Amino acid sequence: MTAHIFSVLVEDSPGVLSRVTGLFSRRGFNIESLAVGHCEQPDTSRITIVVTGNDFQIEQVKKQLNKLIEVIKVIDISEYEHVERELALIKLKAEPGSNRSEIMQIAGIFRAKIIDVGNETLVVEVTGDSGKIAAIQDLLSPYGILELVRTGKIALQRGSSTVCAGR
Amino acid sequence: MKSGAQILIEGLKEQGVDIIFGYPGGVVLPIYDELYDADIRHVLVRHEQAAIHAADGYARASGRTGVCLATSGPGACNLVTGLATAYMDSIPVVAITGQVPTSLLGNDAFQESDITGITMPVTKHNFLVQDARDLKRIIREAFHIASTGRKGPVLIDIPKDVSTAMIPDVDGPGEQPRLRGYKPKYQGHSKMIQRAVDLLLKAERPIIYAGGGVILSDASRELVTLAERMCMPVSTTLMGLGCIPTSHPLNLGMLGMHGTEYANYAITESDLLFSIGVRFDDRVTGKIEAFAPHAKIIHIDIDPAEIGKNKQPDVPIVGDAKSVLLEMISKIPESCPHPEWSERVESWKKNHPLRFQEDGKLHPQYVIKKLAEILGKKGIIVSEVGQNQMWAAQWFSFTRPRQWISSGGLGTMGYGFPASMGAHFACPDEPVVVLAGDGSFQMNIQELGTVAQYNIPVKVIILNNRFLGMVRQWQQLFYEHRYSYTELPEVHFERIAQAYGIEAATVTRASDVEEAIKAALAHPGPYVLDVRVEREENVFPMVPAGANISEMIVGHHTEHEEE
Ligand SMILES: Cc1ncc(C[n+]2csc(CCOP(=O)(O)OP(=O)(O)O)c2C)c(N)n1
Ligand SMILES: [Mg+2]
């Protein structure tokens, strides 16, 4: 069981996301994270899906995704040299005079940013791979994480290779 | 200017549609108004489920795409079982549904159902038309998707305001649909084909396992040619029946749960399993690890996702069965016999034939055997689901592809009778016979109204055992004879048919069967023949679910026989 990152190019049409997610639940595949948005090509979206499964399941995921009419291309990015990132926003309890400076120090080490300062809270923005996000979460949790949100992983192949729709 | 409904009808005609099975309602009124004087025939069924089964039966019998039409909400929801039936068996059907006006979508409006959402898992693709200007393109795409690659049902949901919208007439033959994400592959990989040929030529005990894909790709002739060159026996799935004549010396009949003993033995002993257009379904393979345990496997399928789904082949070939087989034939010499293997298979065939007690009682198998004798090479056989279906598959003598119409993958009771209507319109000169169970027939019995209204001359032979027989059989064999809710009361089908104005008869003695079938076939209109068969007859051989296919229950009557 290993995690695979699928980069899925789809028609930008209503319902396409539910076709993709419906397929996963129907066939019993597990989605770890999913990120979706427009991409560089018109009328096209890119979905990045992280799936865990054995080789057989991963092969089936890929084939079943390819069968969807609105799926244009499927690449298992994890088979290639690639870069991957995830972004998290973390809201922390930080009353005036408490541990604010410690929190800011930790954020600094992780090159995270404080993007909101409230009377009793701070919001930290951190970008990185899953390991980095887990690490900062771990370090910040003693201060009291009130809320945490993650974008899900996005990834691209390194170098000049691209996942393009073609004609 | 043209209305959306007009564009729809023109689009259907452009696709060569000559018949639609449908049922009207509020939001499809504009479409029905357009149909009123269109030169497309419309058949008014009595339940939308029958409309889609009829469209499916039309598609199976003709090879063309079947079309049905239903209103929104309840009408559309009644199509779901039929879509799932067509989806499981890869049948090209286009279902058109009405929808509430776009302004009301998502409001729980009267008779609104999210039919594209509901049918997503049971269609190859579906469309919700949001703008009349997309309609023409969507119709072309829908027919293209339904009838190419691995075929299947496609649904088009048309809101009422799209049907009534008036838009400028953008006529002229449009371009072929260009779908970026849909490019079915027909040509097999030549290196794989060569490897398959090498394996075939080296094999000592080769066997073909052929399924519905052979029929869908019109590859029956190529299959028989290849089998004959290789002197290789052929066993088929339920869906593959007819791709080789039953009487062909190389034919072993059906394999799997209710397959012949000889087919299951031959599969188990084979050293090369040549699988064409099949899914390695659990009803076929039994315990998958014990299926063809000594064989190398070649698997041809047009759907890459089928290859390796249930069993990993040694040689995978993604492509259209016909084109791949043609290429293989060109690489295989005229004749390569396997005398020892042929003799072995022949002796299984001789020593373990299909059988039933020929004791003068009215056994269902006898009815089918007689029907086959009387029909000769003619006829289309449509089955319902249950014991009737398995006996039909075992005992009818098929001569050609598309002669056998049956719900395989989904096993939908109530499929057969409405499907037979479609089969008639596809092949108006062929006698169409439904082999039904009393339970299944009552699932769409209301279609007697349709066959009466249009004088559709289908002949329904009910193998009436007053049981949900197949379920009763499982209860007998695996639940200690505890017949929990499987007994049906006596029904006078003859009188029901007559109430609809349909000719009918009841048969209670074996000696009357032949005459009764002849009378039914000779009658020019629809006919219902209620045959009161032995009530607790079982379908044998039988592989218990999940068992090894070479370990069949062959039935009590064989106990006294010396092998
Ligand atoms: C719609 C539907 N409901 C239930 C079943 C389960 N089932 C399979 S065979 C069968 C009995 C069929 O009875 P009948 O039509 O009388 O045929 P017989 O087996 O007696 O020939 C049932 C209930 C099914 N296949 N389809
Ligand atoms: Mg019955």
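Sequence lines set the chain letters: A, B, ... in the order given, protein chains first and strands last, and positions in each chain run from 1. Because the structure is a prediction, the values reported are computed rather than measured.
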Exercise for the section: Check the pair B/Arg180, A/Asp43 against side chain to side chain contact (heavy atoms under 4.5 Å, CB included), reporting the backbone distance first and the verdict last. Expected result: CA-CA 11 Å; B/Arg180 290 191 290 173; A/Asp43 308 321; 4.3 Å; yes

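In this structure a side-chain-to-backbone donor-acceptor pair under 3.5 Å is present from A/Lys63 to B/Ile307. The closest donor-acceptor contact from the side chain of A/Gln60 to the backbone of B/Ala305 lies under 3.5 Å.
The local environment of NZ in B/Lys185 is crowded, with over 12 non-hydrogen atoms from other residues, nucleotides or ligands closer than 6.0 Å. In the displayed structure, A/Arg100 atom CZ is contacted under 6.0 Å by more than 12 heavy atoms of other residues, nucleotides or ligands. Heavy-atom neighbours of A/Arg26 CZ from other residues, nucleotides or ligands within 6.0 Å: above the threshold of 12. Remark: A/Met104 CE is loosely packed, at most 12 non-hydrogen atoms of other residues, nucleotides or ligands lying under 6.0 Å away. Remark: B/Lys309 NZ is packed, more than 12 non-hydrogen atoms of other residues, nucleotides or ligands lying under 6.0 Å away. Atom CG of A/Asn54 sits in a crowded spot, with more than 12 heavy atoms from other residues, nucleotides or ligands closer than 6.0 Å. Around the NZ atom of B/Lys322, the shell of radius 6.0 Å holds more than 12 heavy atoms that belong to other residues, nucleotides or ligands.
Using a 4.5 Å cut-off between heavy atoms, A/Leu23 makes no contact with chain B at all. Both the backbone and the side chain of B/Asn126 come within contact range of chain A, judged by heavy atoms closer than 4.5 Å. The contact between A/Arg19 and chain B is made by backbone and side chain atoms together, counting heavy-atom distances below 4.5 Å.
A distance of 6.0 Å separates NZ of A/Lys67 from CD of B/Glu306, quoted to the nearest 0.5 Å.
Of all the heavy atoms in A/Gly15 and B/Met120, the pair that sits closest is O-CE, 4.1 Å.
Considering A/Leu68, A/Ile69, A/Asn66 in turn, A/Ile69 is the only one that fulfils the side-chain contact (heavy atoms from CB on, under 4.5 Å) rule with B/Tyr182.
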